[in-house]
Each structure stands twice: as C-alpha cells, then as structure tokens.
Novice: 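Provided herewith is a single structure, encoded as structure tokens, for subsequent inquiry.
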Amino acid sequence: MRHFLQFSDLNAAECAYLFERAALIKKKFKAYEKHHSLVDRTLAMIFEKASTRTRVSFEAGMYQLGGSVVHLTTGDSQLGRAEPIEDSAKVISRMVDLVMIRTYEQSKLERFAANSRVPVINGLTNEFHPCQILADIFTYIEHRGSIRGKTVAWVGDGNNMANTWLQAADLLGFKVHVSTPSGYEIDQSVAGLRRPESYQVFKNPLDACHQADLVTTDVWTSMGFEAENEVRKKAFARWCVDTEMMSAARPDALFMHCLPAHRGEEVSAEVIDGGQSVVWDEAENRLHVQKALMEWLLLGQQTT
Ligand code: CP
Ligand code: NVA
C-alpha cells in the first residue's frame, strides 16, 4: 500500500506515469468520454483548514471516476472534539477505500497514515502541498515540455509550496531559485533534499527571477499563520511578482500561483491576469492529476 504524504514519496518514473495518465484522463474528460475506473470506491476527505480547489477537484474527480466521497471537517466531526487521530484513522479507514487530509502539522497526517488501512493523500499541511505541485508541473509540461534542466523562481514565503517545489526539483532534475524576506527562509531539513544543489538562495527577488523559465509565488500569510498578517505585510512588501520581475525572467517564462491570490500583495494584477499567467490551467489540472493519483494509489499502473 502506498501513501502520498509528500512529493518525495514518488520516484521519477512514477511521476512520469502520473503525468501521462493525467493527460489521457484529461483528454477523455474533454471529450465527455466516461472513465469509470473507481466504481464503488469511496474517498473520505478531511478538512481541518478551508479549501475551494482541493475540495472541488477531489470531490468532482472521485464522482467522475465512478466513485463517491464523504466530506468531514473538524467542526462537524469528532476530530474537533479531541478524538485521537489514531482512533479516527482506524475507524475511517475501515469504511472507505482512500483518504485525503488537509491539516496543520505533517506529523498529524503521518500519524493518521500510520494507522490507516487504506492509502492517504496529503491535501495540504503546514509543511507540504504535493497535489498542487503535481498539477503545477503537469501544467508546465503541457505548455513547455519537460521541466528537466529548467529554472523555477520562487518569490515569497519559505512555506509548504516552497518546500514541495524543492522536493520536486530534487526528484525531477530542475533548479529552484528561492528569494524570501529574511526571517521567512526555507528550512532545508524539512524538504530533506538529496541534491542540495537543486536550489539556490537570492536576497533580491529580481535576481531569483533572472532567466527563469517559470516564476511562481504564493500568499504572504498561509492558513494557520493569520495572527502574523500585519507583520508579514511589512516584511514581504518587496516580494510582489510584478512586470519588472517577469521581464527579468526568460521572454517565454510562465507565471504560476496555486491560488487563492491577493492582487497587489504577492502578485500584481497585470501579471496574474496577463499573457504569461497559466493560473487557470494550473487550477483545472488539480482535477486531472488527482484523478490519475487516486486511480494509481488504488489500482496501480493502468494500461487501458
Ligand atoms: N490551491 C489550493 O489548494 O486551493 P484551495 O485552498 O482552494 O484548496
Ligand atoms: N501556502 C498556502 C497555500 C494555500 C493553497 C496556505 O497554506 O495557506
């Protein structure tokens, strides 16, 4: 049994399979062709933080595969009344085939997985957001081909998205140029890199963008850190991806953002709504890559 708790749970060949499978599943979806590979399977989705994209893509995706979903939140389940996560895992995983969790500490997700009889998927933790990076790289490949040897500029917080980009770069052979305000740096030990040369740190965000193939950013304040919002607004003021930063990148560079976005904070409206932005493809592709992921976790590699 396999879980998808962080990007490094996959190897490069498995990633390549998932991207190929997602492309096929997407093509069939666009042609209104049925792809019912998970008939009678049930996904439990546990949300301890808010979500739009993750909820809709997993829920719609599971129905489109012929399965069904159960949606739980902290507020409407015993999770919010201190039932141990281990007990919840033992119970929920006896009733469903697959579990997706969005929570705070990665360690909580790992405790759930350690007590689960079925595969568990990380739907975002404080440390990682691997489903998003699967969608982002799939989107890059659709627009530009292989990401191997390319440079991704990460401008902003050293957060869950940044850690996951580093793991993906380590695995798939590209480079991440990281620029964060001081005090918000990446903690390299979280990503647990095998090739530390897959990322490079820049003080000035403009330098990180220089000759990049992809420029990407995220909110200044992630979920769970709201109390720091005002302090962060001051610290991050220079880490706004604007047209100047995009001009420092390669002329054919793409812009990505996992969304939700704050125009005028981490990205200017001209950039996110401009010609280099692929944020809507990126959001849509959550659906297709996660369908491939769920199918693979439950059925293994498919040939038809
Ligand atoms: N990008 C992403 O995970 O969005 P949601 O928070 O809306 O799920
Ligand atoms: N870094 C953000 C991503 C939201 C999808 C957060 O954790 O809130």
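The shown structure was predicted, so the numbers you read here are calculated from the model rather than taken from an experiment. Counting starts at 1 for both ligands and their atoms, following the listed order.
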Novice: Give the atoms of ligand 2, by number and element, whose distance to some non-hydrogen atom of Asn159 is under 4.0 Å.
Specialist: 1 (N)
Novice: Just jot down the ligand 2 atoms closer than 4.0 angstrom to any heavy atom of Asp218, in number order.
Specialist: 1 (N), 2 (C), 3 (C)
Novice: Do the side-chain N and O atoms of Ser268 and Arg263 include a donor-acceptor pair separated by under 3.5 angstrom?
Specialist: no
Novice: Would you mind telling me which of Phe225, Phe236, Trp154, Trp239 makes a ring-ring contact (aromatic ring centres under 6.0 Å, His included) with Tyr184?
Specialist: Phe236
Novice: Find all atoms of ligand 2 within a distance of less than 4.0 Å from any non-hydrogen atom belonging to Met223, and give their numbers and elements.
Specialist: 6 (C), 7 (O), 8 (O)
Novice: Heavy-atom pairs closer than 4.0 Å: do any link ligand 2 to the side chain of Thr54, the backbone, both, or neither?
Specialist: neither
Novice: Quick one: does Leu259 get a heavy atom under 4.0 Å from ligand 2?
Specialist: yes
Novice: What I want to check is whether the side chains of Asn122 and Glu127 have a donor and an acceptor closer together than 3.5 Å.
Specialist: no
Novice: In terms of side-chain heavy atoms, does Asp136 have a donor or acceptor partner in Thr139 at a distance below 3.5 Å?
Specialist: no
Novice: Under the rule for side chain to side chain donor-acceptor pair (under 3.5 Å), what residues qualify as partners of Glu270, not counting sequence neighbours?
Specialist: none
Novice: Using distance alone, determine whether Asn160 and ligand 2 share an N or O pair under 3.5 Å.
Specialist: yes
Novice: For atom 4 (C) of ligand 2, grab the closest protein heavy atom and report residue, atom and distance to one decimal in Å.
Specialist: Leu124 CD1, 3.8 Å
Novice: Is Glu284 salt-bridged to Lys30, going by a charged N under 4.0 Å from an acidic O?
Specialist: yes
Novice: Any side-chain donor paired with an acceptor under 3.5 Å for Asp218 and His129?
Specialist: no
Novice: Check whether the side chains of Glu295 and Gln302 place a donor and an acceptor atom closer than 3.5 Å, and report yes or no.
Specialist: no
Novice: Would you mind telling me which of His288, His35, Gln64 makes a side-chain hydrogen bond (donor to acceptor under 3.5 Å, both in side chains) with Lys28?
Specialist: His35
Novice: Does the side chain of Thr180 come under 3.5 Å of the side chain of Glu185 through a donor N or O and an acceptor N or O?
Specialist: no
Novice: Quick one: which of Cys258, Ser222, Ala50, Ser51 has a heavy atom closest to atom 2 (C) of ligand 2?
Specialist: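 The residue whose heavy atom sits nearest atom 2 (C) of ligand 2 is Ser222.
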Novice: Hey, which residues fall under 4.0 Å of ligand 1 on heavy atoms?
Specialist: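 Residues within 4.0 Å of ligand 1: Ser51, Thr52, Arg53, Thr54, Arg102, His129, Gln132, Cys258, Leu259, Arg286.
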Novice: Is Arg102 close to ligand 2, meaning an N/O of one under 3.5 Å from an N/O of the other?
Specialist: no
Novice: Can you confirm, on distance only, whether ligand 2 has an N/O atom lying under 3.5 Å from any N/O atom belonging to Pro260?
Specialist: no
Novice: Is it true that Glu48 and Lys108 make a salt bridge, defined as a side-chain N closer than 4.0 Å to a carboxylate O?
Specialist: yes
